[in-house]
Amino acid sequence: FDPAARDRDEEERIRGWVQRIKDALAKGGFLLHYQPIVSLQGEPGEHYEVFLRMRVGNGEVMPPLSFLPIAEEHGLLNDIDRTSDEIEAIAAGHIGSLRLGVIAFIAPDMITRVLNRLGEENVSLAVEIHEGTTQPLVAQLIAKELDCVIGRYSFEHESELDQKLLSQQRFSAVISRSHPALRRGPITLADTASFPWVVTPPRTAARQALTDMFMRAGLRAPDVRVETASMEIMKAVLADCGMIGLLPLGIATKYAAAGEVEVLDFQIDFPPAPLMLIRRRDELPLPSMERFCEALFEIAPQVESPPGDN
């Protein structure tokens, strides 16, 4: 029997636990387990007992008696307490993060109004926004690189998706207020066939609306000079290159009110395009994400419909 060897083994064991605790703090390895408390007297409401657990490198979940004494001895309890507080705040929906994919054609203030609403409710949500067209964004969603997408209905991966309607978008043709054609009087749809257009890429709702309205009017397809999914590029092209564009009515109305474009006064006979909130099916979202989505469902129809368009 060698007491020194035993002491060395114990020191090695403690060093191993200290490293596991530090790794868990650095990598989000602490979690809370909620155990429901059932009232034998049938009292209403839900009550839970909360237990702190630590996940170690092999995925095993350890009870607190395995690590708290060592954490206390090595001055790590305050760090664990702060982590536990953060976990409780996440579980309560007070803090969180969200990786959001959006198509370019959403009202500019939709996301900001949702974030302001959450701020009023004391929800601190960090949002990482990725802009693109629906199908590439959905591919990122399926790969778990995004948490949800605001876009068009996706038939790809349909069985893996939960898709709910946010609003319906109608389209309007717009032109720069400095465009010389405006000085000649009202512009008709037939007039626009001779102008260059800036539009979204093929297989998007706006592009389909453009093709459809010329076809129904018996006119040749317009000259598409620029294809882009970027609103900033589209606005620059409209302002600097004398082109005509097609925007959702809600966005067009806001830009017109700001003096950036003129909405052309002719009817676009194309069914409204649904704007969807897309998430992975059968996946339980964090409470903060759920609160974001609840606010989005309320605010999206308001910002996508201009005044009087009800």
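Computation of the quantities below employed the complete heavy-atom set of this structure, encompassing side-chain atoms and omitting hydrogens, waters and symmetry-equivalent molecules.
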**OP:** List in chain and number order the residues that pass side chain to side chain contact (heavy atoms under 4.5 Å, CB included) with E120, two or more places apart in sequence or in another chain; answer none if no residue qualifies.
**Re:** R117
Original post:
Considering all heavy atoms of both residues, which atom of M231 and which atom of A104 are nearest to each other, and what is their separation?
Top reply: CG-O, 3.3 Å
Subject >> Within-4.5 Å side-chain heavy-atom neighbours: M110 and I150 >> reply: yes
Original post:
Which residues pass the side chain to side chain contact (heavy atoms under 4.5 Å, CB included) test with I14, sequence neighbours left out?
Top reply: E10, V18, I70, H74
Original post:
So which heavy atom on P301 is nearest to which on F297, and how close?
Top reply: CD-O, 3.2 Å
**OP:** Return the minimal non-hydrogen interatomic distance between L161 and E156, and the atom names on each side.
**Re:** CD1-O, 3.6 Å
**OP:** Please round to the nearest 0.5 Å and tell me the distance separating atom CG of L100 and atom CD of E131.
**Re:** 10.5 Å
Original post:
Is there any side-chain hydrogen bond (donor to acceptor under 3.5 Å, both in side chains) pair reaching into residues 276-286, and which pairs are they, with sequence neighbours excluded?
Top reply: R279-E290, R280-E283
**OP:** Report yes if some heavy atom in the side chain of L210 is under 4.5 Å from a heavy atom in the side chain of P222; otherwise report no.
**Re:** yes
Original post:
Any chance CZ of R216 has more than 12 other-residue heavy atoms, nucleotides or ligands included, within less than 6.0 Å?
Top reply: yes
Original post:
Between R99 and Q140, does any side-chain donor sit less than 3.5 Å from a side-chain acceptor?
Top reply: no
**OP:** Please list, chain by chain and in numerical order, all residues satisfying salt bridge (Lys or Arg N to Asp or Glu O under 4.0 Å) with E260, sequence neighbours excluded.
**Re:** K235
**OP:** Show your working on side chain to side chain contact (heavy atoms under 4.5 Å, CB included) between V174 and Y255 and close with a plain yes or no.
**Re:** CA-CA 9 Å; V174 296; Y255 287 162; over 6 Å; no
Original post:
Is there a chain of hydrophobic side chains (I, L, V, M, F, W, Y, each step under 4.5 Å between heavy atoms) that links F266 to M215?
Top reply: no
**OP:** Determine, stepwise, if the pair Q169 / R152 fulfils side chain to side chain contact (heavy atoms under 4.5 Å, CB included).
**Re:** CA-CA 10 Å; Q169 291 182 320; R152 304 301 179 195; 2.6 Å; yes
Subject >> Backbone of M62 reached by a side-chain donor or acceptor of R53 within 3.5 Å >> reply: no
**OP:** Only counting residues at least two apart or in another chain, list the ones meeting side chain to side chain contact (heavy atoms under 4.5 Å, CB included) with P136.
**Re:** T133
Subject >> Euclidean distance, L249 CG relative to Q168 CD, rounded to 0.5 Å >> reply: 13.0 Å
**OP:** Quick one: pull up CD1 in I142 and CD in E160 and give me the separation to the nearest 0.5 Å.
**Re:** 4.0 Å
Subject >> E227: partners by side-chain hydrogen bond (donor to acceptor under 3.5 Å, both in side chains), with sequence neighbours left out >> reply: R207
Original post:
Heavy-atom distance under 4.5 Å between the side chains of T192 and L219, does that happen here?
Top reply: no
Subject >> Those residues that, when tested against T228, pass side chain to side chain contact (heavy atoms under 4.5 Å, CB included) (two or more places apart) >> reply: V198, V226, S230, I233, M234
Original post:
Of the non-hydrogen atoms in P272 and R170, which two are nearest, and what is the gap between them?
Top reply: CG-CG, 3.9 Å
**OP:** Keeping to residues at least two apart or across chains, list the ring pair (Phe, Tyr, Trp, His ring centres under 6.0 Å) pairs with something in residues 182-203.
**Re:** H179-F195, W197-F214
Subject >> Side-chain heavy-atom pair S172, L247 within 4.5 angstrom cut-off >> reply: no
**OP:** For the pair L98 and C148, evaluate side chain to side chain contact (heavy atoms under 4.5 Å, CB included) and give the outcome as yes or no after the intermediate values.
**Re:** CA-CA 8 Å; L98 177 68; C148 59; 3.9 Å; yes
**OP:** Keeping the roles fixed (side chain from Q163, backbone from S154), state whether a donor-acceptor pair exists under 3.5 Å.
**Re:** yes
**OP:** Give the minimum heavy-atom separation between I187 and L182, together with the two atoms involved.
**Re:** CD1-CD2, 3.8 Å
**OP:** Begin from the C-alpha positions of R113 and Q302 and carry the test side-chain hydrogen bond (donor to acceptor under 3.5 Å, both in side chains) through to its verdict.
**Re:** CA-CA 10 Å; R113 287 182 58 175; Q302 301 170 11; 2.9 Å; yes
Original post:
Once you round to the nearest 0.5 Å, how far does CD1 of I103 lie from CG of L137?
Top reply: 8.5 Å
Original post:
Who pairs with K164 by salt bridge (Lys or Arg N to Asp or Glu O under 4.0 Å), at least two apart in sequence or on another chain?
Top reply: D162
**OP:** Mark yes or no for whether T134, through its side chain, and G151, through its backbone, hold a donor-acceptor pair below 3.5 Å.
**Re:** no
**OP:** For residues P201 and A229, report the shortest heavy-atom separation together with the two atoms involved.
**Re:** CD-N, 4.1 Å
Original post:
Any chain of hydrophobic side-chain contacts (each under 4.5 Å) joining I129 to L118?
Top reply: yes
Original post:
Should we count CG of D240 as having more than 12 external heavy atoms under 6.0 Å?
Top reply: yes
Original post:
Excluding sequence neighbours, so at least two apart, what forms ring-ring contact (aromatic ring centres under 6.0 Å, His included) with F171?
Top reply: none
**OP:** State the CG-CG distance between L115 and L296, to the nearest 0.5 angstrom.
**Re:** 10.0 Å
**OP:** Would you give the length of the straight line joining atom CD1 of I244 to atom CD1 of I175, rounded to the nearest 0.5 angstrom?
**Re:** 4.5 Å
Original post:
Would you call R291-E294 a salt bridge at under 4.0 Å N-O?
Top reply: no
Original post:
Backbone N or O of T188 within a donor-acceptor pair of the D191 side chain at under 3.5 Å?
Top reply: yes
**OP:** Could you note down all residue pairs passing ring pair (Phe, Tyr, Trp, His ring centres under 6.0 Å) where residues 101-160 supplies at least one of them, sequence neighbours left out?
**Re:** Y153-F155
**OP:** Output all residues satisfying side-chain hydrogen bond (donor to acceptor under 3.5 Å, both in side chains) with D109, sequence neighbours left out; order by chain, then residue number.
**Re:** none
Subject >> Side-chain (K254) to main-chain (V303) donor-acceptor, under 3.5 angstrom >> reply: yes
Subject >> Stepwise side chain to side chain contact (heavy atoms under 4.5 Å, CB included) check, V56 with F67 >> reply: CA-CA 11 Å; V56 294; F67 57 86; over 6 Å; no
